[in-house]
Amino acid sequence: MSGLDRVIQTLKDVFGHDEFRSEAQENATRAVVRARTCSGRKDVYISMPTGAGKSLCYQLPAVMAPGITMVVSPLIALMQDQLEHLRKLNICAESLNSKLSAKDRKRVLADLRSSKPKTKLLYITPELAATPGFQQLLETLKTRRLLAHLAVDEAHCVSQWGHDFRPDYLKLGSLREKLEDIPCIALTATATQTVQKDIIKSLHLQEPVQKFKTSVFRPNLFYDVKYKEVLEDPYEDLKDFAVKALGEEGVEPVKAVSTLL
Ligand SMILES: Nc1ncnc2c1ncn2[C@@H]1O[C@H](COP(=O)(O)OP(=O)(O)OP(=O)(O)O)[C@@H](O)[C@H]1O
């Protein structure tokens, strides 16, 4: 089966989606798949709004590739969400973080040190990435040619111009230097040109970087201000709005309610 067909097959069989959500999602995913197999043009930068399906762009290639994809994520809660999602799909995903029990840590490390690790995606915090113990583990994985990709989620945390600057993200530059042969994928939902430049520089993404960007404009989100002083009955007005939103065709109730928050 050709590489392209395998992408669609994996999308359907493993992730349960009939099609890609957008052209950008498809192009970015295919670029990450190709990054391991062709020389040159390896690193990928993905900027798409929240909920656009950025995670699939590294998770699908991770499933297709032999070896382990390492994912840097800034929050343990975010990691947990991803782990739950992947495990429901029967994808072997693990994490190493400060909240892990000693027993689980031992189990994860034993798998990583085994001759054929089952782990396909390993989620780590930027703090852990910088520790000597982890660097040693990484070196071993690299020597054994077990590293497929390095994905950096919420990559804008690397930039002091971004809204979520995390000093530990800066240490990822030296991690990247040690893994310069491994394709790197930087993902963010919020990146201005300045932040984009910072990400590319700090993570030592190799030029020419392949960039996939979609507009952050979200047509389903809007702000509306009503002064309750001029409303006859503000609660009745809010109730009417909620009922209308919940009843709107094609709008899922949860999304409609979140509009009210
Ligand atoms: N091709 C697809 N078809 C249908 N659903 C999809 C597709 N790709 C992703 N999704 C779903 O879209 C939702 C959002 O995906 P995801 O969490 O990857 O978004 P994101 O862009 O990473 O958002 P964030 O910026 O919050 O990390 C998930 O429930 C995911 O399963």
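Order of listing sets the numbers, starting from 1, for every ligand and every atom in it.
Rounding to the nearest 0.5 Å places CG of L179 at 13.0 Å from NE2 of H149. Distance check: R21 CZ to H17 NE2 gives 7.0 Å after rounding to the nearest 0.5 Å. Rounding to the nearest 0.5 angstrom, the gap separating the CZ atom in R107 from the CG atom in L112 is 10.0 Å.
Nearest protein heavy-atom contact of atom 5 (N) of ligand 1 is H17 CE1, 3.3 Å. Nearest to atom 26 (O) of ligand 1 among the protein's heavy atoms is T50 CG2, 3.2 Å. Counting only heavy atoms of the protein, atom 14 (C) of ligand 1 lies nearest to G51 O, 3.7 Å. Summary of contacts: the protein heavy atom closest to atom 27 (O) of ligand 1 is E154 OE2, 4.0 Å. Distance from atom 24 (P) of ligand 1 to its nearest protein heavy atom, with residue and atom name: K54 NZ, 3.7 Å.
Distances from atom 22 (O) of ligand 1 to the heavy atoms of G16, S22, P49, S55 show the closest one on S55.
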Steps toward side chain to side chain contact (heavy atoms under 4.5 Å, CB included) verdict (R113, T140): CA-CA 8 Å; R113 289 178 183 134; T140 325; over 6 Å; no
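Of the N or O atoms in R21, one or more lie within a sub-3.5 Å distance of an N or O in ligand 1. At under 3.5 Å, not a single nitrogen or oxygen of L11, backbone or side chain, sits near a nitrogen or oxygen of ligand 1. Of the polar atoms of G53, at least one N or O is found under 3.5 Å from an N or O of ligand 1, judged by distance alone. Checked against a 3.5 angstrom limit, the closest N/O atoms of A52 and ligand 1 fall inside it.
Residue H85 has at least one heavy-atom neighbour below 4.0 Å for each of these atoms of ligand 1: 31 (O). Those atoms of ligand 1 with a heavy atom of E19 less than 4.0 angstrom away are 1 (N), 2 (C), 3 (N). Near F20, meaning under 4.0 Å from one of its heavy atoms, ligand 1 places the atoms 1 (N).
Within 4.0 Å of atom 29 (O) of ligand 1, not a single protein heavy atom is present.
For the pair P183 and A148, the tightest heavy-atom approach, listed with the atom from each and the gap, is CD-O, 3.4 Å. Across all non-hydrogen atoms, the minimal contact from T29 to C57 is OG1-CA, 3.5 Å. Taking all atoms of both residues into account, the shortest heavy-atom contact from R6 to T10 is O-OG1, 2.5 Å.
In terms of modelled atom types and a separation under 3.5 Å, the side chain of Q206 and the main chain of E180 share a donor-acceptor contact.
Ligand 1 has Q25 within reach: a non-hydrogen atom of the residue lies less than 4.0 Å from it.
Q196 and K213 share a side-chain donor-acceptor pair at under 3.5 Å. Side-chain atoms of S73 and Q82 include no donor-acceptor pair closer than 3.5 Å.
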